[in-house]
Every structure is written in C-alpha cells, then in structure tokens.
Amino acid sequence: MNINIDKQGTIVVLTGAGISRESGLDTFRCEGGIWSKVNLEDVATPEAFQRNPKLVQNFYNARRAQLTQEKPQPNAGHLALARLEQEWPGQVLIVTQNIDNLHEAAGSQNIIHMHGELLKIRCNHCEALMVWEDDVHVDTPCPHCGQSGGLRPHVVWFGEIPLQMEEIYHALEDADLFMSIGTSGNVYPAAGFVQAAKQNGFCHTVELNLDPTEGAVQFAETVYGPASQVVPAYVDALLKS
C-alpha cells in the first residue's frame with residue numbers, strides 16, 4: 001500500500017456478495033451460488049412477478065427469513081468499514097450491491113443500497129416504502145393504502161435501474177480513494193465505477209477481492225484474500241498512513 005490521500009479526502013467503497021459470504025450468506029454468481037440453483041428469469045424480473053407473483057414472493061420470503069431467523073452477523077470486513085467511517089476525518093460512502101443488512105449491523109451509516117434492501121418492501125399501488133421482516137403473500141394488504149396484490153420486495157430486478165445512481169456518480173467524481181471489495185466486476189453499472197472514479201485524475205483505486213476479477217487491470221492497486229482478512233488490514237494501514 002503506497003497511496004497519498006488527503007485526510008479530508010472522500011472514500012467511496014463498493015461492496016459485493018463476497019464480503020457477506022463469510023457471514024454465511026449465499027452469493028449469486030459464484031460456483032454453487034443462487035443463480036446456479038434458480039433461474040433468475042423466474043424470480044428476479046418484473047415479468048416474473050407479473051407471471052407468477054407467488055413464486056417470486058416465496059423466493060424472497062425464504063431469503064428474508066435467512067436474515068431474520070438465522071441472524072447472520074457482520075464479519076471483520078464489515079466491522080472494519082464501519083471503523084473507517086467512524087475514524088476517517090473525511091467522508092466515507094459505502095455503495096453496496098448487497099441487499100442484506102450486515103453493513104448496518106456493523107455500525108456503518110452512510111450507505112447506498114443500489115440494488116435495494118431485503119428487509120424492506122414497497123407498494124406498487126401507493127408507492128409506500130416500508131421496513132418489513134415477515135413473509136409477504138400475494139393477498140397481503142398494504143398497511144398504507146389497504147389494497148392487496150401490490151406489495152413487492154424492495155429489490156432491483158434485472159431490467160430495472162439501480163437506485164440512487166446520480167448520487168453515486170457524484171460521489172465517484174469527488175472520490176480520492178475508490179475501493180472495490182468482494183464483487184465479481186462483471187455486472188454493470190457497478191463494473192464501470194472504477195473508470196468513473198479515475199476520470200477525475202487524482203483518485204486512487206484498489207481492488208480487494210478473494211481472486212482477481214476480469215477488470216483487475218483497471219485498478220492501481222490489488223490485494224487478494226478473504227475479505228475478513230484483507231479489508232481490516234487495509235483499513236488499519238489507511239488510518240495509520
């Protein structure tokens with residue numbers, strides 16, 4: 001690690017499924033991941049929800065129950081990022097592709113869930129957004145408007161636009177350090193964040209991942225190993241630098 005970043009500088013962190021895998025949550029794209037067991041066209045598109053809402057609700061009910069019943073705990077990688085936010089004098093923004101709540105559980109506060117949040121639902125009828133930990137069924141009435149059939153997971157499906165993209169790109173424009181942690185680097189728009197960060201001409205970029213991604217050559221620095229090991233070590237070095 002050899003970077004020169006102002007202590008008041010802005011840090012943008014992108015996290016993916018790799019950081020939550022060590023807390024026991026399934027990833028989507030790795031060998032044996034969720035998309036090797038379920039067809040995404042059946043459960044993760046707006047068309048799937050229109051075609052078979054019961055199947056889609058049951059899929060997300062099971063994933064939601066994993067968070068509420070099994071109660072996975074944030075690992076050392078999550079905790080290190082929370083520490084970075086607390087101790088870094090400048091701004092730290094976590095942009096996560098994950099729909100779990102492990103960053104919040106670790107203590108991070110400045111978070112953008114670009115793919116939504118599993119513990120929230122929204123109503124297609126009245127557009128209300130609600131924290132929700134129970135199962136959702138096709139006939140579950142919306143607590144706000146009372147209508148049934150409109151509740152859906154607050155999750156970005158394939159074919160939908162990720163959330164808060166304008167805010168994310170504004171942060172990348174100002175970033176002094178961009179960290180990509182535990183993500184495959186294959187899914188856009190997140191895969192393009194490193195290029196967006198580099199456009200300001202002064203942003204240092206680092207990939208922290210279990211293995212090199214296809215986009216590894218785009219980063220100025222790469223560190224490989226389990227997130228629970230490499231992230232705390234990197235944060236320690238950064239705070240001491």
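- What you find for Pro189 and Met114 is that their closest heavy atoms are CG-CE, 4.2 Å.
- Under the salt bridge (Lys or Arg N to Asp or Glu O under 4.0 Å) criterion, Glu117 pairs with Lys120, sequence neighbours left out.
- The minimum heavy-atom distance between Asp42 and Leu55, with the atom names listed, is O-CD2, 3.8 Å.
- For Thr213 and Glu207, the side-chain atoms include at least one donor-acceptor pair closer than 3.5 Å.
- The environment of Glu47 atom CD is dense: over 12 non-hydrogen atoms of other residues, nucleotides or ligands sit within 6.0 angstrom.
- Classified by interplanar angle (parallel below 30°, tilted 30° to 60°, perpendicular above 60°), the ring pair Tyr60/Trp157 is tilted.
- A distance of 7.5 Å separates CG in Asp134 from OG1 in Thr68, rounded to the nearest 0.5 Å.
- Looking at every heavy atom in both residues, Val206 comes nearest to Phe219 through C-CD2, 3.4 Å.
- In terms of heavy atoms, Cys203 sits closest to Asn200 at N-OD1, 3.0 Å.
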- Message: Test side chain to side chain contact (heavy atoms under 4.5 Å, CB included) on Ile94 and Thr15; report intermediate values, then the result.
- Response: CA-CA 7 Å; Ile94 294 176; Thr15 64; 4.3 Å; yes
Kindly list each side-chain donor-acceptor pair under 3.5 angstrom involving residues 174-181, sequence neighbours excluded, with atom names and distances?
residue : atom : partner : partner atom : Å
Asp176  : OD2  : Thr10   : N            : 2.8

List the atom pairs, with distances to 0.1 Å, where a side-chain N or O of residues 137-144 and a protein N or O form a donor-acceptor pair under 3.5 Å, not counting sequence neighbours.
residue : atom : partner : partner atom : Å
Thr140  : OG1  : His137  : N            : 2.9
Thr140  : OG1  : His137  : O            : 3.2

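- When atom types are taken as modelled, the side chain of His115 and the backbone of Thr96 share no donor-acceptor pair closer than 3.5 angstrom.
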